[in-house]
Participant: 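Have a look at the structure that comes next, please.
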Amino acid sequence: MPISVPMMFAFGVPLVTAWAIALSAAWRGHAQELINPTGWALADRRLAGVKLWAVLGATIFTAYTYIVMPGRAFLSGGCAYYAVAYMVMVTPLGFLILPRFREFAAEHGFVTAADFVRARNSSHVLALVVALTSLLAAVPYLTLQVVSLRTLLDAMGLPPGSTAGRCAILAMFTVHAVTTHRGGLRVPVSVAMLKAVLILGTIVTAFVMVAVKLGPLGPVLERAQGALADRGGSILIAPMTPTAYATLALGSALALLVYPHVVTLAYASRTSESLRKSVVFLPVWTLVLGCFTLLGVIAAGLIPVSAGAGALAVPLLIRHLAPGPAAGLMFGAITVGSLLPAAVLCLAVAMQFARNVYSEYINPTATPKHEVQVARFTALVLRVAALVCALLLHPQDAVNLHLLGGVWMVQVFPTVAIGLFTAWFHPRALLAGWGVGMAAGTWLSVAHGFSPIVTLPWGRAGLQVYTAVVALALNLGTAVLLTVILQRMGVARGIDTTGGGGPLERRGRSTRMRVH
């Protein structure tokens with residue numbers, strides 16, 4: 001596909017605008033604030049109002065929203081709409097869970113989810129498990145964002161394997177890394193409103209183009225239904241059993257709420273009330289997700305399967321419908337939408353590594369400034385790892401690893417999210433449950449070819465269930481059973497220090513220091 005110079009120029013406009021805003025935010029903060037974990041990773045806990053809503057939605061809705069889910073709809077049809085159902089579930093669950101995160105963090109000075117886990121269970125090992133699970137799941141997540149950028153460049157005529165394509169990706173991530181390296185969370189926060197405007201503008205423009213170029217939606221969907229039927233799919237969710245659809249939605253929602261970047265934004269909010277208001281208005285972003293998925297369905301009737309096998313569905317549809325400069329602006333908007341969540345996840349995981357791995361096990365005397373330095377370096381390593389994986393892996397492999405990352409991440413839900421409401425579980429039982437869930441989830445995913453669905457022997461046709469939910473059920477069952485056994489045996493447990501108020505105390509192997 002030939003490169004269009006006007007398209008490439010228009011593609012750069014949203015990116016340059018976003019980078020200018022990011023650079024301004026990175027150098028606007030006071031130096032003393034930016035060398036403190038709360039200042040660098042949580043923007044001094046000052047997020048509220050429209051700004052909090054924008055960055056929360058901009059972080060939750062990633063390249064998976066704009067590229068992968070429409071690609072699934074392009075290949076199989078309406079079953080991809082489980083993503084809309086899971087985002088509908090996120091709103092009430094987030095309304096219940098995220099303010100609890102914020103309340104504990106404000107009272108005790110927590111910066112990461114693992115901080116809370118250690119204080120709640122008085123267990124360094126359990127906190128370490130949460131930190132390492134987040135680190136393990138982060139690389140596939142970040143890799144998928146880079147793969148999505150490769151897809152957009154491919155649609156514009158820059159093959160991902162070409163020197164120009166690789167240089168373009170490297171340049172985008174270099175600027176992305178430089179700005180967040182210094183400014184931390186305040187950088188993606190400053191870009192969030194721009195992303196909201198760009199993404200909303202993109203989806204409105206796309207549907208205007210569909211109406212102008214393709215006519216009424218009815219005939220367009222009929223053509224898509226015919227194409228999907230030829231490949232064994234349907235606009236409706238008939239090919240997928242209700243249990244598969246429901247568990248995919250539920251498991252995805254539970255995993256999302258314990259990802260480090262979502263917890264970080266909960267910690268960074270100014271008040272619980274402002275956080276609740278932001279969560280209530282998340283359905284605006286869910287509507288955008290539904291519209292992008294519908295674009296994948298529309299593309300099924302226009303784009304040959306061999307042209308992109310899913311990932312290129314929406315980019316090729318945009319190029320088919322929009323003139324060069326308009327398509328370039330839309331591609332630039334989606335690129336900004338992919339880079340912002342990657343920035344928040346990078347700094348959230350990096351800070352969790354610095355506080356709950358490095359400071360706990362490697363250098364217990366690390367100062368807050370040193371923690372920020374370690375987090376900055378870790379974030380850089382994560383970005384490099386994601387770039388290398390994206391350049392070496394086939395796009396489908398990146399999607400498979402991302403699905404596996406979701407299976408891993410939901411295994412900390414009992415420890416992190418359920419722990420917000422009860423300290424009944426024994427720490428050793430939670431640790432054993434996590435191990436069972438991780439092992440079972442990984443084995444089921446790999447054994448079934450990274451399919452998100454497994455068929456359980458139930459009834460004549462079997463019961464189709466999301467792999468992560470099966471693993472989570474085993475996790476919870478193990479934790480409950482062992483908690484009862486350990487309590488009956490009188491096995492001692494740590495002291496829950498989240499009820500007494502005051503700042504978190506870090507207990508290293510040789511020191512004891514208070515972290516404000």
Side-chain angles (χ1 to χ4, degrees), residues 64-65 68-90 92-93 137 140 144 224-225 227-258 286 289-290 293-294 296-297 300 305 309-311 313 396-414 433 436-478:
Y64 200 74
T65 303
V68 178
M69 291 313 303
R72 283 190 178 185
F74 172 80
L75 293 174
S76 57
C79 63
Y81 270 91
Y82 83 84
V84 178
Y86 108 66
M87 283 311 307
V88 170
M89 290 183 182
V90 163
L93 289 172
L144 192 62
Q225 173 60 29
L228 288 167
D230 292 340
R231 62 189 76 152
S234 172
I235 289 180
L236 304 177
I237 64 170
M240 181 177 286
T241 65
T243 52
Y245 190 90
T247 54
L248 269 169
L250 177 62
S252 300
L254 297 181
L256 176 66
L257 291 171
V258 292
T286 304
L289 165 62
T293 307
L294 182 57
V297 173
V305 176
Q396 186 56 47
D397 294 332
V399 173
N400 291 340
L401 286 175
H402 177 70
L403 292 171
L404 186 56
V407 173
W408 290 333
M409 205 63 226
V410 80
Q411 302 314 314
V412 305
F413 188 86
V436 169
M438 289 288 286
T442 303
W443 180 79
L444 287 171
S445 295
V446 175
H448 290 81
F450 290 97
S451 169
I453 300 298
V454 294
T455 302
L456 302 179
W458 185 284
R460 292 183 178 180
L463 190 67
Q464 291 186 311
V465 183
Y466 181 29
T467 305
V469 171
V470 176
L472 179 60
L474 294 172
N475 180 341
L476 279 170
T478 302

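Every value quoted in this text rests on a predicted model; they were computed, and no experiment measured them.
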Participant: Testing the basics here: between Thr247 and Gln464, what is the closest heavy-atom pair and its distance to 0.1 Å?
Facilitator: OG1-O, 4.5 Å
Participant: Checking Tyr86 side chain against Gly251 main chain: does a donor-acceptor pair fall under 3.5 Å?
Facilitator: no
Participant: Say you draw a straight line from CE of Met409 to CG of Leu254; how long is it, rounded to the nearest 0.5 Å?
Facilitator: 12.0 Å
Participant: Tell me if a side-chain donor or acceptor on Gln225 pairs with a main-chain N or O of Ile235 at a distance below 3.5 Å.
Facilitator: yes
Participant: If I compare all heavy atoms of Leu93 with all of Ala253, which pair ends up nearest, and what's the gap?
Facilitator: CD1-CB, 4.2 Å
Participant: Under 3.5 Å, which donor-acceptor pairs link side chains of residues 68-75 to any protein atom two or more places apart or in another chain?
Facilitator:
{"unit_1": "Arg72", "atom_1": "NH1", "unit_2": "Tyr82", "atom_2": "OH", "d": "2.8"}
{"unit_1": "Arg72", "atom_1": "NH2", "unit_2": "Tyr64", "atom_2": "OH", "d": "3.2"}

Participant: Do the non-hydrogen side-chain atoms of Phe450 and Leu404 ever get within less than 4.5 Å of each other?
Facilitator: yes
Participant: Distance from Tyr466 atom OH to Leu472 atom CG, nearest 0.5 Å?
Facilitator: 10.5 Å
Participant: Considering residues at least two apart in sequence or located in another chain, which fulfil the side-chain contact (heavy atoms from CB on, under 4.5 Å) criterion with Ala471?
Facilitator: Gln411
Participant: May I ask you to test the Val84-Thr286 pair for a side-chain heavy-atom distance under 4.5 Å?
Facilitator: yes
Participant: Give the minimum heavy-atom separation between Tyr245 and Tyr81, together with the two atoms involved.
Facilitator: OH-O, 2.9 Å
Participant: Mind checking side-chain contact (heavy atoms from CB on, under 4.5 Å) for Leu444 and listing every partner two or more places apart, or none if nothing turns up?
Facilitator: His448, Val454, Thr467, Val470
Participant: Any non-hydrogen side-chain atom of Leu257 less than 4.5 Å from a side-chain atom of Val90?
Facilitator: yes
Participant: Do you know which two heavy atoms are closest between Ala227 and Ala300, and how far apart they sit?
Facilitator: CB-O, 3.1 Å
Participant: Would you check if Leu248 and Ile453 make a side-chain contact, meaning some heavy-atom pair closer than 4.5 Å?
Facilitator: yes
Participant: How long is the gap from CZ on Phe413 to CG on Leu476, to the nearest 0.5 Å?
Facilitator: 8.5 Å
